[in-house]
Amino acid sequence: QVHLVESGGGLVQAGGSLRLSCAASEHTFSKYTMAWFRQAPGKEREFVAAISWSGSSTYYGDSVKGRFTISRDNAKNTVYLQMNSLKPEDTALYYCAAALRPADTVADGSADYWGQGTQVTVSS
């Protein structure tokens with residue numbers, strides 16, 4: 001069982017930046033693909049980004065490419081999401097997920113473990 005705890009959400013003005021963190025309880029964290037998803041009220045869950053176990057490969061949803069960066073620190077069992085040039089449409093509950101599958105296969109939401117989410121609100 002992997003316990004994931006997100007942090008770093010908050011209220012920010014459009015054009016601003018936030019960095020989300022997701023801390024994992026599992027000492028075998030480095031075996032997992034890690035990903036971020038988001039869900040806005042009344043909308044479907046959306047893939048944001050994924051990173052391979054080694055950090056060598058990253059994947060992004062089209063709506064965040066060039067603005068968001070996913071990274072990980074396996075020594076700290078933590079994955080990050082740096083969000084720049086934020087837009088009001090980025091407002092959502094952001095979830096961290098862990099998967100024992102390749103990073104290029106998780107965009108459909110096929111993760112083994114999920115966090116509780118952290119709220120990001122971008123004001124115009």
- Query: Quick one: are the ring centres of Y95 and F37 less than 6.0 Å apart?
  - Reply: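 That pair fails the under 6.0 Å test.
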How many angstroms lie between [atom1] in [X] and [atom2] in [Y], if you round to the nearest 0.5 Å?
X    : Y    : atom1 : atom2 : value
I51  : T33  : CD1   : OG1   : 9.5 Å
Q13  : S123 : CD    : OG    : 5.0 Å
W36  : M83  : CH2   : CE    : 8.0 Å
S52  : M34  : OG    : CE    : 12.0 Å
N77  : R72  : CG    : CZ    : 9.0 Å
Y113 : S25  : OH    : OG    : 9.0 Å

Identify whether [X] and [Y] are in the same connected component of the hydrophobic contact network (ILVMFWY, side-chain heavy atoms under 4.5 Å).
X    : Y   : value
Y59  : W53 : no
V122 : V64 : yes
L20  : Y32 : yes

- Task: Take Y60 and T69, measure what side chain to side chain contact (heavy atoms under 4.5 Å, CB included) needs, and give me the verdict at the end.
- Result: CA-CA 8 Å; Y60 296 93; T69 302; 3.8 Å; yes
Would you name the heavy atoms of [X] and [Y] that are closest together and state the gap between them?
X    : Y   : value
L86  : V12 : CD1-CG1, 3.6 Å
Q39  : R45 : NE2-N, 3.8 Å
S124 : A14 : CA-CB, 4.4 Å
E6   : Y94 : OE2-O, 4.0 Å

- Query: Charged N to carboxylate O under 4.0 angstrom, K87 versus D90?
  - Reply: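 Between D90 and K87 there is no salt bridge, as every charged N stays at least 4.0 Å from the carboxylate O atoms.
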- Item | Electrostatic pair D112-R101, nearest N-O below 4.0 angstrom |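 Here D112 does not pair with R101 in a salt bridge, since their nearest N and O are not under 4.0 Å apart.
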- Criterion side chain to side chain contact (heavy atoms under 4.5 Å, CB included) on V48 and F68, from CA distance to verdict: CA-CA 8 Å; V48 175; F68 291 11; 3.7 Å; yes
- Query: Yes or no on side chain to side chain contact (heavy atoms under 4.5 Å, CB included) for S71 and Q82, after CA distance, side-chain angles and deciding distance?
  - Reply: CA-CA 8 Å; S71 62; Q82 178 66 43; over 6 Å; no
- For V79 and I70, what are the C-alpha separation, side-chain angles and deciding distance, and is it a side chain to side chain contact (heavy atoms under 4.5 Å, CB included)? CA-CA 7 Å; V79 62; I70 189 171; 3.9 Å; yes
- Message: With no hydrogens and no angle check, just 3.5 Å: does a side-chain donor-acceptor pair link R38 and S63?
- Response: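 Note: R38 and S63 side chains meet the donor-acceptor criterion.
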- Query: Can you tell me if D73 and T78 form a side-chain donor-acceptor pair at under 3.5 Å?
  - Reply: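 D73 vs T78: no donor-acceptor pair found between side chains.
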